[in-house]
Every structure is written in C-alpha cells, then in structure tokens.
Amino acid sequence: MRKVMLSPSILDSDFSEIKSTIKMLDKAKAEFIHFDVMDGNFVPAITFGPKIMKPLRALTKIVFDTHLMILNPDKYADLFIDAGADIVTVHMEAVKDMKAMIKQVKDRGKKIGVSIKPDTPSKTLHKYMENLDLVLVMSVEPGFGGQKFMEPMLDKVRDFRSIIDSNKLNCIIEIDGGINRENAHLACSAGVDAIVAGNAIFGSKNPAQAIKELRASFWRDIDPRLMPKKQ
Ligand code: DX5
Ligand code: ZN
C-alpha cells in the first residue's frame with residue numbers, strides 16, 4: 001500500500017503558540033510542515049517570510065515544505081533555503097524561466113516542487129516532471145485556508161500518477177486545499193503521496209487527535225483488493 005505522508009499547514013494555527021505547535025507536530029510524526037508563503041500580489045493575502053521560518057528551523061528536524069505563492073520566486077527561493085526550507089515549491093503561473101528555477105533550487109541541494117492552480121491544466125507540468133521532486137495539485141484557489149475541496153482536481157492527480165509510474169520518475173504528488181477526514185481517502189486512491197491539511201487539523205480543538213483521525217481516514221472505504229500495489 002502506498003505510504004501517504006502528512007504535511008500540516010501552519011497557516012491557520014495559533015502563531016502565539018507556534019513553539020508548542022511544532023513540538024506537537026514532532027510528536028505526531030508529521031512527515032512535513034507546510035509553510036504557506038503569500039505576497040499579497042500572486043494571491044491576495046500576505047503571510048510570512050524567511051525571518052519567521054528561521055527560528056523554527058532549530059526546533060525540529062521535520063521537512064519544511066515551503067509553498068511559495070509569490071511572484072518572482074527566483075528572487076526569494078535562496079532566502080527561504082537559508083532560513084531552513086527543504087522543499088521549495090513555486091507556482092507554474094509565477095515562473096518565467098522554469099528550467100533556471102529548477103536549477104537554482106537543485107544547485108542548493110534542496111528539493112524543487114511546482115504547483116498548479118485549479119485553472120492550470122496538468123499537461124503544463126509534463127515536460128518538467130523528470131526534473132521535479134514534487135508536483136503540488138491545488139484543490140482550492142490559492143490564497144487562504146478553510147476553503148471547499150475541488151474534487152475535479154483529482155483528475156490531475158491521476159494524470160500525474162500514471163506519468164510518474166509509467167516513467168518511473170522520482171517525483172511525489174502532493175495535494176493542497178480543503179482536505180479533511182471526509183475526502184482524504186479520495187485523494188489517496190487517486191494516487192497522492194502527500195496531503196497538506198490546515199483547517200482539518202488546526203480548526204480542531206485537539207489538533208493532535210485530528211491528525212490521528214485524518215491519517216486513519218486515508219484508506220477507509222477502499223476494498224483491500226483494490227489497494228495500490230506495494231511500490
Ligand atoms: C491555500 C494554501 C493551503 C491551505 C490549506 O492557499 O496553499 O496550504 O492553507 O489549508 P486547508 O487545508 O484549510 O485548505
Ligand atoms: Zn499550501
């Protein structure tokens with residue numbers, strides 16, 4: 001059965017408690033921590049920059065999964081890498097020279113991801129996938145947490161899954177936006193390797209318990225005979 005990793009988005013967590021949030025995520029064995037970086041231009045909201053990420057780096061070894069919803073990500077990628085980013089995910093719609101962007105992050109020894117908004121077809125990423133470490137399918141319009149999951153985006157997951165498996169690519173599929181206990185199993189059976197969740201975790205009074213219940217929902221309702229083959 002394919003292992004599906006969890007990348008809690010701290011965007012809507014209580015930042016006055018960020019230290020205990022990171023400790024909780026460590027204890028919950030989250031595989032990634034998802035940082036939603038927004039610049040008020042590529043998306044309406046403004047969130048946080050490398051100065052906020054830097055002090056958090058010393059608190060945990062968890063992979064910092066950095067989602068840059070910003071214009072000109074080439075100008076800022078190195079600053080986030082200096083602050084501790086492990087995965088740098090840029091938006092296809094915000095990058096002028098994708099080949100150079102990929103090289104810039106890889107030259108720093110970090111993982112490069114590319115994300116596509118709901119209106120961007122999955123085929124726009126096909127020609128880059130052999131050089132990507134991660135593709136991020138947005139299942140909401142980027143800009144804020146707590147929106148409704150857009151199920152049609154699962155067709156992009158299925159498209160990427162078949163390309164990665166048939167070409168034996170080293171690229172993981174992550175989905176981001178509106179994921180919760182009711183729909184996570186749909187994303188898992190469509191073929192994701194990682195799930196971002198914000199409000200499904202930090203909208204709960206007990207985020208640690210919410211993580212447990214979310215993980216338990218990943219493969220519910222799936223007939224064991226239909227389980228994805230062991231990779
Ligand atoms: C939206 C962000 C998502 C969002 C996830 O622009 O990229 O990571 O914060 O939060 P939920 O899971 O609440 O949709
Ligand atoms: Zn995100």
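Start at 1 and go down the list; that is how both ligands and their atoms are numbered. Owing to the predicted nature of the structure, the values given are computational and were not obtained by experimental measurement.
- Near Pro142, with a cut-off below 4.0 Å to any heavy atom, the atoms of ligand 1 are 6 (O).
- Residue His34 has at least one heavy-atom neighbour below 4.0 Å for each of these atoms of ligand 1: 8 (O).
- With a 4.0 Å heavy-atom cut-off, ligand 1 is reached by the side chain of Ser9 but not by its N, CA, C or O.
- On a distance-only criterion, Ala200 and ligand 1 share no N/O pair closer than 3.5 Å.
- Between Val90 and the options Val105, Val95, Ile102, a side chain to side chain contact (heavy atoms under 4.5 Å, CB included) holds for only Val95.
- Residues Val37 and Pro73 form no side-chain contact, since every pair of their non-hydrogen atoms from C-beta on lies 4.5 Å or further apart.
- Here the side chains of Arg2 and Phe218 are not in contact, with every heavy-atom distance at 4.5 Å or above.
- Contact of the His126 side chain with the Ile163 side chain is registered, since non-hydrogen atoms from C-beta on lie closer than 4.5 Å.
- The aromatic ring centroids of Phe15 and Phe48 lie less than 6.0 Å from each other.
- Salt bridge present: Arg158 and Asp155 bring a charged side-chain N and a carboxylate O closer than 4.0 Å.
- Gly143 N, 2.8 Å is the protein heavy atom nearest to atom 6 (O) of ligand 1.
- Ligand 1 places these atoms under 4.0 Å from at least one heavy atom of Ala197: 12 (O).
- Restricting Asp176 to its N/O/S atoms, the shortest distance to the Zn ion (ligand 2) is reached by OD2.
- At a heavy-atom distance under 4.0 Å, atoms from both the backbone and the side chain of Asn199 approach ligand 1.
- Of the possible donor and acceptor atoms, one in the side chain of Lys106 sits under 3.5 Å from a partner among the backbone N and O of Asn131.
- Dense packing is recorded around CZ of Phe149, with more than 12 heavy atoms of other residues, nucleotides or ligands lying under 6.0 Å away.
- Atoms of ligand 1 lying under 4.0 Å from at least one heavy atom of Val196, given by number and element, are 8 (O).
- Remark: ligand 1 atoms within the under-4.0 Å shell around heavy atoms of Met138 are 7 (O).
- In summary, the atoms of ligand 1 found under 4.0 Å from a heavy atom of Met38, numbered by their order in the structure, are 6 (O).
- The two atoms that bring Leu79 and Pro50 nearest to each other are O-CB, 3.7 Å, heavy atoms only.
- A cation-pi arrangement is present between Lys117 and Phe42, with the terminal nitrogen or guanidinium carbon under 6.0 Å from the aromatic centre and inside a 45° cone about the axis.
- Taking the Zn ion (ligand 2) as the corner point, the angle from Asp36 atom OD1 to His34 atom NE2 is about 90° (rounded to 10 degrees).
- Shortest contact from atom 1 (C) of ligand 1 to any protein heavy atom: Phe144 O, 3.6 Å.
- Looking from atom 14 (O) of ligand 1 to the surrounding protein, the closest heavy atom is Gly178 N, 2.8 Å.
- With respect to atom 12 (O) of ligand 1, the closest heavy atom belonging to the protein is Gly198 N, 2.8 Å.
- Between His67 and ligand 1, a contact under 3.5 Å exists for at least one N or O pair.
- Closest to atom 8 (O) of ligand 1 among all protein heavy atoms lies Asp176 OD1, 2.6 Å.
- Taking both residues in full, the closest heavy atoms of Ala200 and Ile179 are given as CB-O, 3.2 Å, listed atom of the first, atom of the second, then distance.
- Paired with Leu11 under the rule side chain to side chain contact (heavy atoms under 4.5 Å, CB included), one option of His34, Met38, His67 passes, and it is Met38.
- Which parts of ligand 1 touch Leu11 is read off a 4.0 Å heavy-atom cut-off, strictly below it: atoms 9 (O).
- Residue His67 approaches the Zn ion (ligand 2) most closely through its N/O/S atom ND1.
- Nearest protein heavy-atom neighbour of atom 2 (C) of ligand 1: Asp36 OD1, 3.3 Å.
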